[in-house]
Amino acid sequence: DAGITQSPRHKVTETGTPVTLRCHQTENHRYMYWYRQDPGHGLRLIHYSYGVKDTDKGEVSDGYSVSRSKTEDFLLTLESATSSQTSVYFCAISLTSGGAYEQYFGPGTRLTVT
Amino acid sequence: AQSVTQLDSHVSVSEGTPVLLRCNYSSSYSPSLFWYVQHPNKGLQLLLKYTSAATLVKGINGFEAEFKKSETSFHLTKPSAHMSDAAEYFCVVKDAGNMLTFGGGTRLMVKP
């Protein structure tokens with residue numbers, strides 16, 4: 001257990017509505033990440049943060065925004081949800097970015113957009 | 001650019017027999033390599049990692065992997081499968097920065 005919680009764990013929403021997913025960590029790690037997991041694709045990076053108010057885009061950032069106002073919280077927002085954003089979303093943390101420092105993953109949020 | 005190919009999307013073994021999950025990678029740098037396991041409806045758990053200290057890496061639950069630079073491979077093995085090993089396994093490559101690239105995953109099924 002790497003001290004990562006995600007909320008909500010499950011959500012069903014309608015197309016066009018905004019959705020915010022929360023990742024909370026208790027380890028005071030500098031780096032936080034949001035991934036989505038889809039069958040056959042492994043995990044793909046959406047956005048990441050390297051400090052409070054410091055964020056950058058990942059591989060599949062279109063349609064998503066993030067915010068990090070506190071070290072422990074990293075929010076992922078879908079401004080206007082689409083069916084293609086139905087997925088399982090994982091948050092991850094790492095102590096640093098370099099070398100072989102591994103990432104630790106939260107339990108995931110299953111999002112269904114109808 | 002880096003990439004990871006897991007050569008089998010599904011592997012089925014009998015309990016007590018060896019497990020081999022294959023992974024090939026490409027990277028412009030000397031990479032770090034990881035294997036993660038995901039049990040149904042769970043998050044990802046780190047099995048082992050390669051950090052250039054030793055080519056044969058031992059992980060949790062009896063798993064190990066061998067880094068072969070000449071073959072750009074990092075295959076995961078276990079001498080004897082248990083029912084509890086049934087899960088999805090991800091090979092992951094990390095370059096000098098903080099970006100992970102995941103393989104597509106291999107689902108391991110263990111028959112009694």
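First the proteins, then the strands, lettered A, B, ... as listed; each starts at 1. Just so you know, these numbers come straight off a predicted model, no measurement behind them.
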Do [X] and [Y] belong to the same hydrophobic cluster, where Ile, Leu, Val, Met, Phe, Trp and Tyr are linked whenever their side-chain heavy atoms lie under 4.5 Å apart, directly or via other members?
X       : Y        : result
B:Leu56 : B:Leu47  : no
A:Val88 : A:Phe105 : yes
B:Ile60 : B:Val37  : yes
A:Met32 : A:Val60  : yes
B:Tyr50 : B:Leu7   : no

- Against chain B, label A:Gln37 side chain, backbone, both or neither, depending on which of its atoms sit under 4.5 Å from a heavy atom there.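 Side chain of A:Gln37 only, per the 4.5 Å heavy-atom cut-off to chain B.
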- Query: Relative to chain B, which segment of A:Arg110 carries a heavy atom at a distance below 4.5 Å: side chain, backbone, both, or neither?
  - Reply: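 Looking at A:Arg110, just its side chain touches chain B.
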- Query: Is the closest side-chain heavy-atom distance between A:Glu102 and B:Tyr36 below 4.5 Å?
  - Reply: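 When only atoms from C-beta onward are counted, B:Tyr36 and A:Glu102 do touch, with a gap below 4.5 Å.
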- Item | Residue, of B:Gln38, B:Gln6, B:Gln45, B:Glu88, that accumulates the most heavy atom pairs under 4.5 Å with chain A |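 The option with the most such pairs is B:Gln38.
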- Criterion side chain to side chain contact (heavy atoms under 4.5 Å, CB included) on A:Tyr35 and B:Leu100, from CA distance to verdict: CA-CA 10 Å; A:Tyr35 292 88; B:Leu100 299 186; 3.7 Å; yes
- Message: Can you tell me which portion of B:Leu44 sits under 4.5 Å from chain A's heavy atoms? Options are side chain, backbone, both or neither.
- Response: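 Contact with chain A is through both the backbone and side chain of B:Leu44.
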